[in-house]
Amino acid sequence: MNIHVQTLEIDPCGCGFEGSIRFQLADTGTEIRCGYTSMNEEAVTAAYRVGIVTEAPVFLAFGVMKRTSKRTPSLSPTVVGRFGGWVTIDGDTYGVVDGLARIPVDNELGESILDLEPGDWVECSGELMLGHKNEEGLTIRG
């Protein structure tokens, strides 16, 4: 599940395969920062060149999803939006939050049974992560 972003900054950690990346959502101008892991830094800098708009598979890892009384979509410090149902990506199940961007949430640290209907407002905490693409061009979890 990709979102259109313009890369603003890539900040590798120096270990050769992880770091953080700062994007601006192409549609709204909202800035987000998320982590990445990759086979090597060159793959990330080649796929996400600074200043270029591209599609990015952003998801919330180590997530906790819960119903909320908040009614304002946000991407920081938590992801707030409407629950969009469940999707399966590469065999893993994610809850989808429709807000400033469509973000899958793994709900790994949250309640195992959630009584949610599409359209319910949810708030999710966790770590925004950038997925990456394998040799076949398929989006896989980062």
Side-chain angles (χ1 to χ4, degrees), residues 1-112 114 116-142:
M1 191 170 299
N2 295 338
I3 56 176
H4 286 90
V5 298
Q6 180 176 13
T7 305
L8 300 175
E9 174 187 23
I10 299 174
D11 187 20
C13 76
C15 65
F17 61 90
E18 64 183 26
S20 67
I21 187 165
R22 188 167 55 98
F23 293 121
Q24 185 174 54
L25 299 183
D27 295 335
T28 64
T30 304
E31 287 189 20
I32 60 172
R33 180 178 290 275
C34 63
Y36 70 83
T37 58
S38 181
M39 295 298 286
N40 56 61
E41 289 175 7
E42 292 78 19
V44 172
T45 56
Y48 300 100
R49 295 188 318 229
V50 173
I52 303 297
V53 174
T54 189
E55 290 186 348
V58 175
F59 68 98
L60 197 69
F62 313 111
V64 174
M65 179 181 290
K66 61 183 179 181
R67 192 185 310 261
T68 185
S69 60
K70 295 181 181 180
R71 297 293 184 264
T72 304
S74 74
L75 286 172
S76 179
T78 59
V79 175
V80 176
R82 290 182 181 268
F83 179 65
W86 301 98
V87 296
T88 300
I89 303 172
D90 296 328
D92 293 322
T93 300
Y94 296 83
V96 176
V97 180
D98 284 320
L100 294 174
R102 209 165 145 78
I103 302 288
V105 179
D106 67 11
N107 200 44
E108 182 177 336
L109 303 179
E111 296 290 326
S112 59
L114 292 173
L116 294 173
E117 296 291 329
D120 287 346
W121 283 85
V122 291
E123 181 174 14
C124 308
S125 58
E127 183 179 353
L128 281 173
M129 293 292 294
L130 172 68
H132 59 281
K133 296 182 179 182
N134 65 14
E135 295 78 28
E136 291 80 34
L138 301 173
T139 301
I140 58 176
R141 184 173 167 172

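Both backbone and side-chain heavy atoms feed into the values below; hydrogens, waters and symmetry mates do not.
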Task: Set of side chain to side chain contact (heavy atoms under 4.5 Å, CB included) partners for Leu8, sequence neighbours left out - done: Arg22, Gln24, Glu31
Open item on the list: To the nearest 0.5 Å, what is the distance between CG on Asp27 and NE2 on His4?
Closed with: 7.5 Å
Open item on the list: Which heavy atom of Gly99 sits nearest to which heavy atom of Pro73, and what is that distance?
Closed with: CA-CB, 4.0 Å
- [ ] List the steps, then state whether side-chain contact (heavy atoms from CB on, under 4.5 Å) holds for Ile103 with Leu75.
- [x] CA-CA 9 Å; Ile103 302 288; Leu75 286 172; 4.0 Å; yes
Task: Side-chain heavy atoms of Val96 within contact of Arg102, under 4.5 Å - done: yes
Open item on the list: Looking at every heavy atom in both Tyr48 and Ile10, which two are closest together, and how far apart are they?
Closed with: O-CD1, 3.0 Å
Task: Rounded distance [0.5 Å steps], CZ in Phe59 versus CD1 in Ile3 - done: 12.0 Å
Task: Closest contact, heavy atoms only, Gly95 versus Met65 - done: CA-CE, 3.8 Å
Task: Test log, rule side-chain contact (heavy atoms from CB on, under 4.5 Å), inputs Leu25 and Val5 - done: CA-CA 5 Å; Leu25 299 183; Val5 298; 4.0 Å; yes
Task: Residue list, side chain to side chain contact (heavy atoms under 4.5 Å, CB included) with Val50, at least two apart or on another chain - done: Thr7
TODO: Check Met129 against Ala61 and note the closest heavy-atom contact, atom names and distance.
DONE: CG-CB, 3.9 Å
Open item on the list: If you compare all heavy atoms of Ala26 against all heavy atoms of Val53, which two are closest, and at what distance to 0.1 Å?
Closed with: CB-CG1, 4.1 Å
- [ ] Using a 4.5 Å cut-off on heavy atoms from C-beta on, say whether the side chain of Pro118 contacts that of Trp86.
- [x] no
- [ ] Enter the distance from Leu100:CG to Ile32:CD1 here, rounded to the nearest 0.5 Å.
- [x] 9.5 Å
Open item on the list: Taking the side chain as everything from C-beta on, heavy atoms only, tell me whether Leu130 gets closer than 4.5 Å to Phe23.
Closed with: yes
Open item on the list: As an exercise, state the distance from CG of Leu60 to OG1 of Thr78, rounded to the nearest 0.5 Å.
Closed with: 9.5 Å
- [ ] Taking all non-hydrogen atoms of both residues into account, name the closest pair between Asp106 and Gly63 and its distance.
- [x] OD1-N, 2.6 Å
Open item on the list: Is it true that, when you exclude Arg67 itself, more than 12 heavy atoms of the residues, nucleotides or ligands shown sit nearer than 6.0 Å to its CZ?
Closed with: yes
